[in-house]
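Scope of the values below: all heavy atoms of this structure, side chains included, with no hydrogens, waters or symmetry mates. First listed ligand is number 1; within each ligand, the first listed atom is number 1.
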Amino acid sequence: MPREEEGRRGFPGRTSGPVRSTEDERMLRPPYPEEATFVRTDTWRVLRIMGEFVEGFEELAGLGPAVTFFGSARVDPSDPMYAAAVETARLLGESGFAIITGGGPGIMEAGNRGAREAGVPSVGLNIELPYEQGCNPFVDLPVEFRYFFVRKTMFVKYAQAFVIFPGGFGTMDELFEALTLIQTGKVHDFPVILFGSDYWRGMCRWLREVVLEDGKISRADMDLLALTDSPEEVRELVMSSARERARAEEEARRASRRAAGDER
Ligand SMILES: C/C(=C\CNc1ncnc2c1ncn2[C@@H]1O[C@H](COP(=O)(O)O)[C@@H](O)[C@H]1O)CO
């Protein structure tokens, strides 16, 4: 297959419609040995990646407290989880949190819809896909990304919590990245809330009975996850963690002032 055609191979999530090669896909290809230009190409690509970080930081720096929603792109508005995500986002919005999503359909759309209803910033971090996809109609602040890993940084950096609705590989990837960042001390006071106990119970049981039992995680790691079916409980968990975070930040500020001799 000619190299330029490689990106146009089938896309598993899509059975019809035009597909195109994406930046992420081109970057992740190994260089062909006969391609003398690969060093130059990948080196220049770093500047594009840097530009994407800069744009993301600039767009989101002034957002204020926010919660990121993850969940299936394939959920229809008639699905009860869609309504639950709208309600959860609305409650969080009414408590002063902006809502960040991947900007796509399904649960992402529901999260943005709830933010719109509450009148808080409704952010969609859209990703370039092999087929054309604009943001869902409930996004007020769209930010476009070519690289998944840059976009994932923004989901964490600008949020105070993750709410994770039922989903597939994309959702699981986002869930486990958050858990790894917390487990390794890169992120603090960050609730990871699984919404939909019927859906997540099996995974939680497997984590407890196989992964924990086999010593691959610790008991404390299991405590990083909260499981609920209640939008109100999500709001409580997020608010109490936000209070704890504010307290810890104030304490750290005092300690640093004391260390500098400003406070007697
Ligand atoms: C497959 C479909 C749409 C794909 N469009 C997406 N747009 C934006 N973000 C997406 C998309 N698909 C996945 N994501 C990200 O992963 C999570 C959902 O993945 P899952 O595999 O569906 O669980 C989501 O939180 C996004 O960040 C339907 O036409």
Side-chain angles (χ1 to χ4, degrees), residues 7 9-25 28 52 56 59-60 63 66-82 84-86 88-89 92 97-115 122-159 161-181 190-196 198-200 202-204 225 234:
R9 274 188 223 154
F11 175 60
R14 196 83 161 193
T15 50
S16 65
V19 292
R20 62 183 179 195
S21 160
T22 61
E23 269 305 323
D24 245 347
E25 183 199 11
L28 290 169
E52 202 159 296
E59 291 285 348
L60 298 172
L63 186 63
V67 175
T68 293
F69 274 44
F70 295 122
S72 175
R74 300 163 194 233
V75 161
D76 193 77
S78 62
D79 189 308
M81 280 298 151
Y82 185 99
V86 174
T88 308
L92 287 167
F97 292 93
I99 303 296
I100 304 174
T101 78
I107 293 296
M108 293 172 270
E109 179 184 299
N112 291 122
R113 192 172 189 151
S122 175
V123 182
L125 307 184
N126 199 26
I127 183 75
E128 182 192 31
L129 292 173
Y131 55 86
E132 205 68 54
Q133 176 191 269
C135 272
N136 72 64
F138 300 100
V139 170
D140 297 319
L141 174 53
V143 190
E144 302 292 327
F145 292 89
R146 289 167 164 168
Y147 298 99
F148 257 110
F149 66 91
V150 180
R151 174 181 182 252
K152 282 168 74 180
T153 301
M154 308 297 155
F155 281 137
V156 179
K157 184 171 171 64
Y158 294 101
F162 279 178
V163 186
I164 302 177
F165 287 82
F169 289 162
T171 304
M172 311 265 178
D173 172 48
E174 289 152 349
L175 162 63
F176 285 105
E177 181 184 73
L179 292 176
T180 307
L181 290 172
F190 198 96
V192 177
I193 305 164
L194 299 176
F195 195 103
D198 284 350
Y199 190 82
W200 295 112
M203 184 192 76
C204 290
L225 285 167
V234 172

Say whether, by atom type as modelled, one donor and one acceptor occur between the side chain of E128 and the main chain of E23 under 3.5 angstrom. yes
With respect to F148, determine whether any N or O atom, backbone or side chain, lies less than 3.5 Å from an N or O atom of ligand 1. no
For G103, does its backbone N or O pair with a side-chain atom of N126 as donor and acceptor, under 3.5 Å? no
Is it true that a side-chain atom of T68 and a backbone atom of F155 form a donor plus acceptor pair closer than 3.5 Å? yes
S72 heavy atoms, cut-off 4.0 Å: which ligand 1 atoms fall inside? 22 (O), 23 (O)
Backbone or side chain, does any N or O of N126 fall under 3.5 Å from an N or O of ligand 1? no
Restricting to non-hydrogen atoms, name the atom on E25 and the atom on R20 that form the minimum distance, rounded to 0.1 Å. OE1-O, 4.5 Å
From the options G167, G102, P166, G71, select the one whose nearest heavy atom is closest to atom 18 (C) of ligand 1. G71
Under 3.5 Å, side chain of N112 to main-chain N/O of V123, donor-acceptor pair present? yes
Nearest candidate to atom 10 (C) of ligand 1, where distance is taken over non-hydrogen atoms, out of M172, M108, E128: M108
Pairs of nitrogen or oxygen atoms closer than 3.5 Å, one from A73 and one from ligand 1: do any exist? yes
Strictly distance-based, threshold 3.5 Å: is any side-chain N or O of R151 a donor or acceptor partner for the main-chain N or O of G102? yes
What atoms in ligand 1 come closer than 4.0 Å to a heavy atom of F70? 25 (O)
Smallest separation among heavy atoms of C135 and P142, with atom names: SG-CB, 3.9 Å
Test item: side-chain donor near acceptor, D76 and S78, under 3.5 Å: yes
Look only at interatomic distance and state if R74 has a nitrogen or oxygen under 3.5 Å from any nitrogen or oxygen of ligand 1. no
Test of understanding: given a 4.0 Å heavy-atom threshold, classify the contact between D173 and ligand 1 as side chain, backbone, both, or neither. neither
Any non-hydrogen atom of Y131 lying under 4.0 Å from ligand 1? yes
Going by the atom numbers of ligand 1, which of them fall below 4.0 Å from some non-hydrogen atom of Q133? 3 (C), 4 (C), 5 (N), 6 (C), 7 (N), 8 (C)
Any atoms of ligand 1 less than 4.0 Å from a non-hydrogen atom of G168? List them with their elements. 20 (P), 21 (O), 23 (O)
